[in-house]
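Read through the structure below, which is laid out as structure tokens, and then see the notes.
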Amino acid sequence: MKIDKNQLGDINQKEITEHNERFDFLGCTLSKKGKDVNAIIKKLQDFQVAIPSWALGAGGTRFGRFGFQGEPSNLELKIDDVGLIHSLTQTAGAISLHIPWDVPTDYNAIKDIANSHGILFDAVNSNTFQDQKNVKESYKFGSLSNTSKAAREQAVAHNIEVIKIGDKLGSKSLTVWLADGSNFPGQTNFQSALQNTEDSLKDIYKTLPENWKMFIEYKPYEPNFYSTVIQDWGTSFMLANACGNKAYTLVDLGHHLPNTNIEQIVSTLMLKGKLGGFHFNDSKYGDDDLTVGSVKPYALFLIFNALVYGMENNPQNPYPAWMIDASHNIKDPLEDLIQSLEAIQEAHAKALLVDQKLLTEAQLNHDVVKCQEILQDAYRTDVRPLLEKARLNSGGALSPINTYRSLKVRENLIKERGANSVASGL
Ligand code: LRH
Ligand code: MN
Ligand code: MN
């Protein structure tokens with residue numbers, strides 16, 4: 001199904017008076033504080049977040065998976081689903097494919113579908129954390145880090161293949177996330193595992209097209225529970241530097257040990273021009289992949305404050321590639337993604353409200369109380385009318401979740417695809 005623009009307009013019309021009241025009040029308050037409300041709205045409209053192809057079905061855990069009816073059973077339908085989310089939110093203008101879960105069969109047809117929804121192809125993701133069908137070498141003991149040369153070569157070849165697939169679609173970056181590590185002390189030699197990984201990454205890097213980037217994602221643990229080869233931002237940063245100026249670190253919010261100061265990591269990477277990609281999610285315990293902003297919205301705001309500062313002050317850092325990397329075990333995946341997008345834009349808008357000039361002044365005066373007041377004044381502002389206005393300006397829905405439900409999107413998808421349709425690739 002496609003969202004009917006007229007129906008969307010009719011639903012917006014019913015809510016417009018209340019929106020105008022809310023917006024006028026906020027706009028007035030912010031203008032009095034010297035904020036350029038239109039410039040903020042424009043930044044919100046421009047901010048686009050990629051949806052990964054694996055997030056469109058219900059996720060699962062090692063204890064099982066509870067499917068969600070009407071899931072997209074092939075890549076074409078997954079792109080349609082991103083199109084639905086984008087029509088409502090105007091913030092999901094890209095899809096990030098996972099290979100080999102979502103290898104296109106007909107490239108032109110896939111590009112046409114994406115085009116019809118205004119969707120671009122963002123970073124392509126390789127997969128060397130599972131053994132694929134008909135492969136000779138196993139990744140049980142690692143991929144790019146494996147002590148077996150043949151296994152490493154197979155993993156390198158897979159990544160090169162992923163770049164070729166992405167290139168045909170118009171992607172401009174490769175994300176490498178490795179599960180490589182060890183489960184027990186003594187199982188591997190840390191130094192040779194790291195050296196092998198560096199050499200393999202360099203082999204992949206050599207084949208990157210001129211205008212491409214390579215993102216190196218880190219994660220402290222899981223699926224390996226004793227050690228992970230690329231365990232933290234420092235290791236990723238070091239590997240990116242070893243590869244060259246087209247290689248960058250990718251920060252995934254869930255890939256940190258509890259209480260890690262992620263905003264500081266973001267600041268350091270942007271200062272050094274090495275923050276390439278960013279994966280949004282939220283967590284309580286580990287890599288929980290929960291809905292963005294559902295548990296720690298203030299932490300998300302502080303991270304966004306660092307991101308906004310970096311985007312405004314660090315020309316040495318490229319514009320990062322944004323993606324949601326979450327799982328939806330019991331929710332409708334599309335509703336969950338809409339909630340995540342809302343939380344992302346909310347934190348973004350609040351960060352845009354931070355008075356950077358005043359904050360610098362307060363920092364230089366060592367006025368710690370004032371520093372906190374400035375941040376919290378921005379955080380405590382209800383910015384939702386700004387998000388509504390941004391969506392309205394771009395042709396989206398004033399209230400995406402309500403509209404999704406009023407238009408009975410899930411019911412229609414179930415009718416079209418059948419109740420038992422299972423997302424491909426999982
Ligand atoms: C690993 C991870 C990674 C994705 C993969 C599918 O935790 O979230 O970020 O590439 O799963
Ligand atoms: Mn990730
Ligand atoms: Mn993860």
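First listed ligand is number 1; within each ligand, the first listed atom is number 1. Note that the numbering runs from 1 along the sequence shown for the chain. What you see is a predicted model, and the numbers here were worked out from it, not measured in a lab.
- Within the 3.5 Å criterion, the main-chain N or O of Q356 finds no donor-acceptor partner in the side chain of Y309.
- Note that K274 lies in the cation-pi zone of Y248, set by a 6.0 Å cut-off to the ring centre and a 45° limit from the axis.
- Distances from the Mn ion (ligand 2) to each N, O or S atom of D325 single out OD2 as the nearest.
- Distances from the Mn ion (ligand 2) to each N, O or S atom of E217 single out OE2 as the nearest.
- The atom of H279 that is an N, O or S and sits closest to the Mn ion (ligand 2) is ND1.
- Among the atoms of D287, some N or O lies under 3.5 angstrom from an N or O of ligand 1.
- With a 4.0 Å cut-off on non-hydrogen atoms, D252 touches ligand 1 through its side chain and not its backbone.
- Counting atoms of ligand 1 from 1 in the listed order, those under 4.0 Å from a heavy atom of H255 are 1 (C), 7 (O), 8 (O), 9 (O).
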**Asked** Under the side chain to side chain donor-acceptor pair (under 3.5 Å) criterion, do S227 and S182 qualify, and how do the steps go?
**Response** CA-CA 5 Å; S227 72; S182 67; 2.6 Å; yes
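- Relative to the six-membered ring of F304, K350 misses at least one condition, a distance below 6.0 Å or an angle of at most 45° to the axis.
- Side-chain atoms of Q187 come within 3.5 Å of backbone N or O of N183 as a donor-acceptor pair.
- In this structure a side-chain-to-backbone donor-acceptor pair under 3.5 Å is missing from S327 to D289.
- Within the 4.0 Å heavy-atom shell around ligand 1 one does not find E222.
- Between the side chain of R65 and the backbone N or O of G60 there is no donor-acceptor pair closer than 3.5 Å.
- Taking any N or O of D325, backbone or side chain, at least one lies under 3.5 Å from an N or O belonging to ligand 1.
- Taking the ring centroids of Y379 and Y298, they lie under the 6.0 Å cut-off.
- Any N or O atom pair closer than 3.5 Å counts here, and K219 shares at least one such pair with ligand 1.
- Residue-ligand proximity, H279 to ligand 1, at heavy-atom distances under 4.0 Å covers atoms 9 (O).
- Between H98 and W101, the angle of the ring planes stays under 30°, which puts this pair in the parallel group of the 30/60° scheme.
- The shortest N/O to N/O separation between W177 and ligand 1 does not fall below 3.5 Å.
- In summary, no N, O or S atom of D252 is located under 2.8 Å from the Mn ion (ligand 3).
- When the Mn ion (ligand 3) is compared with the N/O/S atoms of D287, atom OD2 turns out nearest.
- Inclusion of H255 in the first shell of the Mn ion (ligand 3) is supported: an N, O or S atom falls under 2.8 Å.
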